[in-house]
Amino acid sequence: CYKYPPSHLVTVHIRWGDKYKEMKNRRLVPITKYIEAVQTLLTKDASEGRTIVFIYLASEDPNAIQQFRLSAPSHWSVNMSGPTNPYGNSRRTMMSAASTSKGRAGLESLAALLISM
């Protein structure tokens, strides 16, 4: 257990879900762009795999989480908390999930946001 956050800790927030509705071309930012952005923040040792990189991933979209985990280098420890939208980026929103969970999904979203800050 760490007394302080690890020195190679990066938080990543991927807003997919219904974000495509706001995008000019209706296309989401690809996962490769998120991976590249994290790599630009790392030290040489971390980017070359000589040290573990801890990633806190915040996203409500299970597809984004799965793609990020599959695309991350093996020396990245990807962790997350909070709810995921069981409907992905369909027309059913996280609001639907929050309603059916009787508010638990909203509470988990708030907690995940606080952790990532």
Side-chain angles (χ1 to χ4, degrees):
C1 183
Y2 291 95
K3 184 174 181 180
Y4 301 102
S7 60
H8 294 99
L9 171 66
V10 179
T11 62
V12 178
H13 178 246
I14 301 173
R15 183 170 171 223
W16 275 12
D18 63 348
K19 180 66 176 172
Y20 72 95
K21 295 176 188 176
E22 298 174 13
M23 303 300 287
K24 188 176 185 178
N25 59 4
R26 300 279 184 173
R27 295 178 61 178
L28 298 168
V29 175
I31 287 298
T32 54
K33 295 292 184 186
Y34 289 93
I35 299 291
E36 290 168 4
V38 170
Q39 289 173 329
T40 65
L41 299 172
L42 301 177
T43 64
K44 184 176 180 181
D45 283 347
S47 64
E48 293 177 356
R50 290 192 289 270
T51 186
I52 295 174
V53 177
F54 297 92
I55 306 291
Y56 176 78
L57 179 60
S59 183
E60 294 175 343
D61 189 311
N63 297 321
I65 294 165
Q66 180 183 23
Q67 284 189 35
F68 190 91
R69 283 188 163 156
L70 290 172
S71 300
S74 60
H75 66 283
W76 290 11
S77 175
V78 180
N79 302 282
M80 61 154 302
S81 64
T84 58
N85 183 353
Y87 312 116
N89 63 2
S90 71
R91 294 193 183 273
R92 298 189 73 183
T93 65
M94 224 13 229
M95 293 298 285
S96 299
S99 177
T100 57
S101 71
K102 297 185 170 112
R104 182 166 180 83
L107 182 60
E108 289 176 352
S109 287
L110 182 57
L113 174 64
L114 292 173
I115 291 168
S116 68
M117 295 165 93

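Here the structure is a predicted model, which is why all the values come from computation and not from measurement.
In this structure, Leu42 and Trp76 have side chains that are in contact, with non-hydrogen atoms separated by less than 4.5 Å. Between Ile31 and Ile14 the shortest side-chain heavy-atom distance falls below 4.5 Å.
Interatomic distance, Leu9 CG to Ile55 CD1, rounded to the nearest 0.5 Å: 7.5 Å. Taken from OG in Ser71 to CD in Glu36, the straight-line distance is 10.5 Å, to the nearest 0.5 Å. With rounding to the nearest 0.5 angstrom, the OG atom of Ser59 is 6.0 Å from the NE2 atom of His13. Expressed to the nearest 0.5 Å, how far CD of Gln66 lies from CG of Asp61 amounts to 10.0 Å. Rounding to the nearest 0.5 Å gives a distance of 10.0 Å between CD1 of Ile35 and CD of Gln67.
Here the shortest heavy-atom pairing between Ile65 and Leu57 reads CA-CD2, 4.0 Å.
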Side chains of residues 45-54: which donor-acceptor pairs under 3.5 Å do they make with residues two or more places apart or in other chains?
unit_1, atom_1, unit_2, atom_2, d
Asp45, OD1, Arg50, NE, 3.0
Asp45, OD1, Arg50, NH2, 2.8
Ser47, OG, Thr43, O, 3.2
Ser47, OG, Lys44, O, 3.1
Glu48, OE1, Arg50, NH1, 2.6
Glu48, OE1, Arg50, NH2, 2.7

